[in-house]
Amino acid sequence: MKDKLLLIYKILLSEFGKQYWWPGETRFEVCIGAILTQNTNWQNVEKAINNLKRKNLLSPYTLEKIDLKKLAAFIKPSGYFNQKSKKIKEFLKWFKKYNYNFEEVMKRDTFELRKELLNIWGIGEETADSILLYALDKPIFVVDAYTKRLFVRHNFIKEKDAKYKNIQSIFMNNLPLDKNLFNEYHALIVKLGKIYCKKQPLCNKCVLNKRELFL
DNA sequence: GACCAGGCACATC
DNA sequence: GATGTGCATGGT
């Protein structure tokens with residue numbers, strides 16, 4: 001499995017190049033983006049984030065003060081805006097315990113932080129891990145719908161076993177715990193997924209199928 | 001118009 | 001623990 005994972009990474013990197021993730025300018029923007037992108041197209045998230053930026057609202061201090069209804073209106077393009085506005089407020093409540101200071105947050109142990117994030121209403125495993133990896137520079141592997149599809153379709157795992165924790169373990173038990181590697185790898189899987197790994201499969205055209213390992 | 005997108009909480013069995 | 005449902009916009 002180790003060799004397979006490294007080969008896939010090599011293929012994806014040579015095919016697509018570095019992705020320079022996450023698409024966000026600050027740690028805080030990454031956190032908000034991670035919440036807004038839940039089950040949503042990234043283009044819609046960008047619209048929502050731009051609405052916040054345009055109004056100079058993209059900081060914990062301003063978002064803390066804004067009315068829930070107004071926040072929902074600004075993030076409308078990202079969908080599920082009533083839920084997501086509440087999720088942002090819940091995230092802020094947690095972040096405030098650290099005085100909105102990422103340096104303080106990042107001092108803490110990765111898995112303690114993960115537990116705290118999972119305790120926030122609206123933050124599940126993928127969102128928590130996205131925040132840990134892309135906002136807090138912690139070496140943890142992010143699993144998403146594309147990753148699951150990739151693993152199931154290439155028979156690396158049975159459909160019934162394709163749980164978040166199982167897939168994450170495969171990566172983290174077989175690869176060095178390197179945040180730069182995990183960062184690029186997940187981004188490349190999303191890049192691959194957007195092109196070839198749709199719900200309606202285009203698997204026969206997938207770049208991975210062209211290579212010897214998958215023939 | 002139908003289907004999909006970088007999930008999650010909650011109810012029910 | 002597994003399965004089903006509501007949440008909602010914008011692109012194809």
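Just so it is clear: chains get the letters A, B, ... in the order the sequence lines come, proteins before strands, and each one is counted from 1.
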Quiz item: In whole angstroms, how far is the C1' atom of B:dC8 from the CG atom of A:Leu117?
Solution: 15 Å
Practice problem: Provide, to the nearest angstrom, the distance between the CD1 atom belonging to A:Ile35 and the P atom belonging to C:dA8. | Solution: 15 Å
Practice problem: Could you label the plane-to-plane angle of the A:His186 and A:Tyr134 rings as parallel, tilted or perpendicular, counting under 30° as parallel and over 60° as perpendicular? | Solution: tilted
Quiz item: Please give, in whole Å, the distance from B:dA9 P to A:Glu126 CD?
Solution: 12 Å
Quiz item: Does A:Arg149 put a side-chain nitrogen or oxygen below 4.0 Å from OP1 or OP2 of B:dC4?
Solution: no
Quiz item: Is it true that A:Glu64 and A:Lys96 make a salt bridge, defined as a side-chain N closer than 4.0 Å to a carboxylate O?
Solution: yes
Exercise. Output yes when A:Asp109 and A:Arg114 qualify as a salt bridge under the 4.0 Å nitrogen-oxygen rule, no when they do not.
Key: no
Exercise. Check the angle between the aromatic planes of A:Tyr9 and A:Tyr185 and answer parallel, tilted or perpendicular using the 30° and 60° thresholds.
Key: tilted
Quiz item: Is the shortest side-chain N to carboxylate O distance from A:Glu90 to A:Lys93 below 4.0 Å?
Solution: yes
What pairs of nitrogen or oxygen atoms, one from the protein and one from nucleotides 4-7 of chain C, lie under 3.5 Å apart?
none

Quiz item: What does A:Thr127 touch in the nucleic acid at a heavy-atom separation under 4.0 angstrom: a base, only the sugar-phosphate, or nothing?
Solution: sugar-phosphate
Practice problem: Let me see the working for A:Tyr100 and A:Phe28 under side chain to side chain contact (heavy atoms under 4.5 Å, CB included), right down to the final yes or no. | Solution: CA-CA 9 Å; A:Tyr100 298 145; A:Phe28 187 69; over 6 Å; no
Quiz prompt | First encountered from the 5' end of DNA chain B, between A:Asp144 and A:Ile120 | solution = A:Asp144
Quiz item: Between A:Lys47 and C:dG11, does any side-chain N or O lie under 4.0 Å from OP1 or OP2?
Solution: yes
Quiz item: Which residues in residues 173-196 of chain A have at least one heavy atom lying under 4.0 Å from any atom of DNA chain C?
Solution: none
Self-check item: Length of the line joining A:Lys165:NZ and B:dG7:P, which is rounded to integer Å
Solution: 20 Å
Distances for protein N or O near nucleotides 10-13 of chain B N or O, under 3.5 Å:
residue	atom	partner	partner atom	Å
B:dC10	OP1	A:Trp121	NE1	3.2

Practice problem: Tell me yes or no: between the side chains of A:Asp144 and A:Thr147, is some donor less than 3.5 Å from an acceptor? | Solution: yes
Quiz item: Start at the 5' end of DNA chain B and walk down; is the nucleotide closest to A:Thr37 or to A:Gly122 reached first?
Solution: A:Thr37
Quiz item: Is A:Glu29 paired with A:Lys53 through a side-chain N to carboxylate O contact shorter than 4.0 Å?
Solution: yes
Quiz prompt | Within-4.5 Å side-chain heavy-atom neighbours: A:Thr110 and A:Lys115 | solution = no
Quiz item: Side-chain donor-acceptor pair under 3.5 Å between A:Tyr98 and A:Arg108, yes or no?
Solution: yes
Quiz item: For A:Asn50 and C:dG10, what is the distance between atoms CG and P respectively, to the nearest whole Å?
Solution: 14 Å
Quiz item: How far does the P atom of C:dA8 sit from the matching atom of B:dC10, given to the nearest Å?
Solution: 14 Å
Practice problem: Write down the distance between CD1 (A:Ile131) and C1' (B:dG7), rounded to a whole number of angstrom. | Solution: 13 Å
Exercise. Taking the six-membered ring for Trp and the single ring otherwise, decide whether the centroids of A:Trp42 and A:Trp22 are under 6.0 Å apart.
Key: yes
